[in-house]
Amino acid sequence: MIYTVTLNPSVDYIVEVEDVQLGGLNRTTNDMTFPGGKGINVSRVLNRYDIPTTALGFVGGFTGSYIKNILNDEGVQTDFVETNGNTRINVKLKSTDETEINGRGPVISQSQLQLFLQKINGLEKGDILVIAGSIPSTLPTTIYEEIAELAQRKELRLVADVSGAALPLMIGYRPFFMKPNHHEIGELYGVEINTVEEAATYGKKLIDDGVENVVVSMAGNGAVYLSKDKVLIATVPKGTVKNSVGAGDSLVAGFLAQYSKTNNFEEAFRYGVATGSATAFSDDLCQIPDVEALLPQVIVTEWK
Ligand SMILES: Nc1ncnc2c1ncn2[C@@H]1O[C@H](COP(=O)(O)OP(=O)(O)OP(=O)(O)O)[C@@H](O)[C@H]1O
Ligand SMILES: O=P(O)(O)OC[C@@]1(O)O[C@H](CO)[C@@H](O)[C@@H]1O
C-alpha cells in the first residue's frame, strides 16, 4: 500500500482574473475548487493509475469534509485525524502571472498529533510512505524527522518531497525516493542550477549521501533521474501550461505508480515526467489517457 502524508491539506481555490488590479474589485473569468495538499495530490493521481493508496494527515471543518468526500467519491482511501478548526483554503490566482496565497491551517493539538503518529506506527514493512508539503506552524518543526525515524524502524520505504530546512534533514534517513526541483537542490548546495548537467552533478551528491532514487525536475526544461548505477536525462513534453499546481506531485505519483507496476526505474522516470506534464497541461490533476498521449515526447537517454 502507498500511504501519503499531508500535514496541512487545503482546498485549492483557483481563480482566473484577466488583468488583476490589487486594491480594486476584480471579477473572475473562471474559478474552480479542488482538494489539495501535496500528499493528497499524489494519492489522487495514484488512484487514477489504479494503485491502492491511503491519504493520511489532518483535516477539519467544512473544508475538511469537502476533501474527504471528493477523495472517497474518487476511490482514494482516507484515514485522517480530525482537527477542530477548518482545513485551509489556498488561493491560486491566475492572471498575467500565477500567484499563490497558501493559508496557515488549523491548530493541531498534542493528542491529535499522537493519534496521527499511532497511524504511522500501524503501517507494515515494505509499505511506501510519501511525506510531502509544508509543516503547519502548530506542529513541532521536527515532525518529519519523527515520521522518518518511525519509517526507518518499521522498514517502510520513505518518499520525501519536502523543501527548505526539512530537505537536508531527510537525506540521513536514506529515503527510497526524493524529487527536489532545481531550485530546491540549488538552495540545498548553495548554487544556481540552470542545466540538466548541473542538476545531474548535484543530484549525484544526494545519491552519495544515501538516497536510493532521485529525480531533479526542472519544470519545462528537462529532468534527471539518478541512482547508484544510473543517471538518465529526459526531455519534457511541449504544451500550453494551464495550471502547474500539483505538477511536481503528479511526477512523484506517476513515478511510484509505474515503479509499482513494473519494478523498472527507467519506465517509472518516463511515466513520472509525462504525468507531471499532463497535469501542467490540465485544469485539475491529469487523467491517464493524457499521460499516455505525452509519453512519446519523453525521450530518456543515459548521461555519461
Ligand atoms: N512548463 C512545463 N512544460 C511541460 N511540463 C512541465 C512544465 N512545468 C512542469 N512540468 C512537468 O511537471 C514536472 C514537475 O515540475 P517542476 O519541476 O516545476 O516541479 P515542482 O516545482 O515540484 O512542481 P510544482 O509546480 O507542483 O511545485 C516537470 O518535470 C514536468 O514534467
Ligand atoms: O503549503 P504547502 O504545503 O507547501 O503547499 C500546498 C500546495 O500549494 O501544494 C500543492 C501543489 O503542490 C497544492 O495542492 C497546495 O495548495
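Values reported hereafter were calculated over all heavy atoms of this structure, with side chains retained and with hydrogens, waters and symmetry mates removed. One is the number of the first residue; the rest follow in order along the sequence. We count ligands from 1, going down the list as the structure has it; atoms in each ligand are counted the same way.
- Looking only at heavy atoms of the protein, atom 3 (N) of ligand 1 is closest to Gly220 CA, 3.7 Å.
- The closest protein non-hydrogen atom to atom 2 (P) of ligand 2 is Ser134 OG, 3.3 Å.
- Using a 4.0 Å cut-off between a side-chain N of Lys or Arg and a carboxylate O of Asp or Glu, Asp79 and Lys68 do not qualify as a salt bridge.
- Among Gly272, Ala280, Ala247, Ser217, the residue whose heavy atom lies nearest to atom 12 (O) of ligand 1 is Ala247.
- Among all non-hydrogen protein atoms, the one lying nearest atom 13 (C) of ligand 2 is Asp12 OD2, 3.2 Å.
- Which parts of ligand 1 touch Val241 is read off a 4.0 Å heavy-atom cut-off, strictly below it: atoms 1 (N), 2 (C).
- With a 4.5 Å cut-off on side-chain heavy atoms, Met170 and Tyr144 count as touching.
- Residue Gly246 has at least one heavy-atom neighbour below 4.0 Å for each of these atoms of ligand 1: 26 (O).
- In the model, Thr4 has a side-chain atom that pairs as donor or acceptor with a side-chain atom of Ser43 under 3.5 Å.
- Looking at Asn30, Val245, Asn243 one by one, the single match for side chain to side chain contact (heavy atoms under 4.5 Å, CB included) with Lys94 turns out to be Asn243.
- In this structure, atom 8 (O) of ligand 2 lies nearest to the protein heavy atom Lys92 NZ, 2.8 Å.
- Listed by number with element, the atoms of ligand 1 under 4.0 Å from a non-hydrogen atom of Val273 are 31 (O).
- Residue-to-ligand polar distances place Gly37 within reach of ligand 2: an N/O pair is separated by less than 3.5 Å.
- Distances from ligand 2 to the non-hydrogen atoms of Gly246 include at least one value under 4.0 Å.
- Protein heavy atom in closest approach to atom 27 (O) of ligand 1: Lys38 NZ, 4.6 Å.
- Side-chain atoms of Glu18 and Ser95 form no donor-acceptor pair, as typed in the model, at a separation below 3.5 Å.
- Among all non-hydrogen protein atoms, the one lying nearest atom 29 (O) of ligand 1 is Leu251 CD1, 3.4 Å.
- In terms of modelled atom types and a separation under 3.5 Å, the side chain of Arg104 and the main chain of Ser137 share no donor-acceptor contact.
- Looking only at heavy atoms of the protein, atom 21 (O) of ligand 1 is closest to Asn181 ND2, 2.8 Å.
- Ring-plane geometry between Tyr259 and Phe265 is classed as parallel, the angle between the planes falling under 30 degrees on a 0 to 90 degree scale with a further cut at 60.
- Between the side chain of Lys154 and the backbone N or O of Asn121 there is at least one donor-acceptor pair closer than 3.5 Å.
- Atoms of ligand 2 lying under 4.0 Å from at least one heavy atom of Gly133, given by number and element, are 3 (O).
- Within the 3.5 Å criterion, the main-chain N or O of Ser217 finds no donor-acceptor partner in the side chain of Asn181.
- Side-chain rings of Phe255 and Phe269 stay apart, their centers remaining 6.0 Å or farther from each other.
- Checking Pro180, Ala219, Ala132 against atom 9 (C) of ligand 1, the nearest heavy atom belongs to Ala219.
- For atom 9 (O) of ligand 2, the closest heavy atom belonging to the protein is Lys38 NZ, 3.0 Å.
- Looking only at protein heavy atoms, the nearest one to atom 10 (C) of ligand 2 is Asn41 ND2, 3.6 Å.
- Within ligand 2, the atoms closer than 4.0 Å to a non-hydrogen atom of Gly36 are 14 (O), numbered from 1 in the order shown.
- Atom 25 (O) of ligand 1 has Ser244 O, 3.3 Å as its closest protein atom, hydrogens excluded (heavy atom only).
- Every atom of ligand 2 with a heavy atom of Asn90 under 4.0 Å away is listed here by number and element: 6 (C), 15 (C), 16 (O).
- Annotation for ligand 2: atoms under 4.0 Å from non-hydrogen atoms of Glu100 are 8 (O).
- Among all protein heavy atoms, the one lying closest to atom 22 (O) of ligand 1 is Lys179 NZ, 3.1 Å.
- A heavy-atom separation below 4.0 Å is not found between Arg44 and ligand 2.
- Using a 4.0 Å cut-off between charged nitrogen and carboxylate oxygen, Glu74 and Arg44 count as a salt-bridge pair.
- Atoms of ligand 2 lying under 4.0 Å from any heavy atom of Val245, numbered from 1 in the order shown and given with element: 11 (C), 13 (C), 14 (O).
- No side-chain donor-acceptor contact under 3.5 Å links Arg157 to the backbone of Pro175.
- For Arg88, every heavy-atom contact with ligand 2 shorter than 4.0 Å involves the side chain, none the backbone.
- In this structure a side-chain-to-backbone donor-acceptor pair under 3.5 Å is missing from Thr6 to Gly57.
- Shortest contact from atom 26 (O) of ligand 1 to any protein heavy atom: Gly248 N, 2.9 Å.
- You'll find the ring centres of Phe177 and Tyr225 outside the 6.0 Å limit.
- Of all the listed residues (Ser250, Pro237, Ser277), Ser277 holds the heavy atom that lies closest to atom 30 (C) of ligand 1.
- In this structure, Thr262 contributes its side chain and Asn264 its backbone to a donor-acceptor pair below 3.5 Å.
- Between the side chain of Thr235 and the main chain of Gln297, a donor-acceptor pair closer than 3.5 Å is present.
- Annotation for ligand 2: atoms under 4.0 Å from non-hydrogen atoms of Ser10 are 15 (C), 16 (O).
- Close to ligand 2: Asp249, with a non-hydrogen atom less than 4.0 angstrom away.
- Checked by atom type and distance alone, the side chain of Thr138 never pairs as donor or acceptor with a backbone atom of Val107 at under 3.5 Å.
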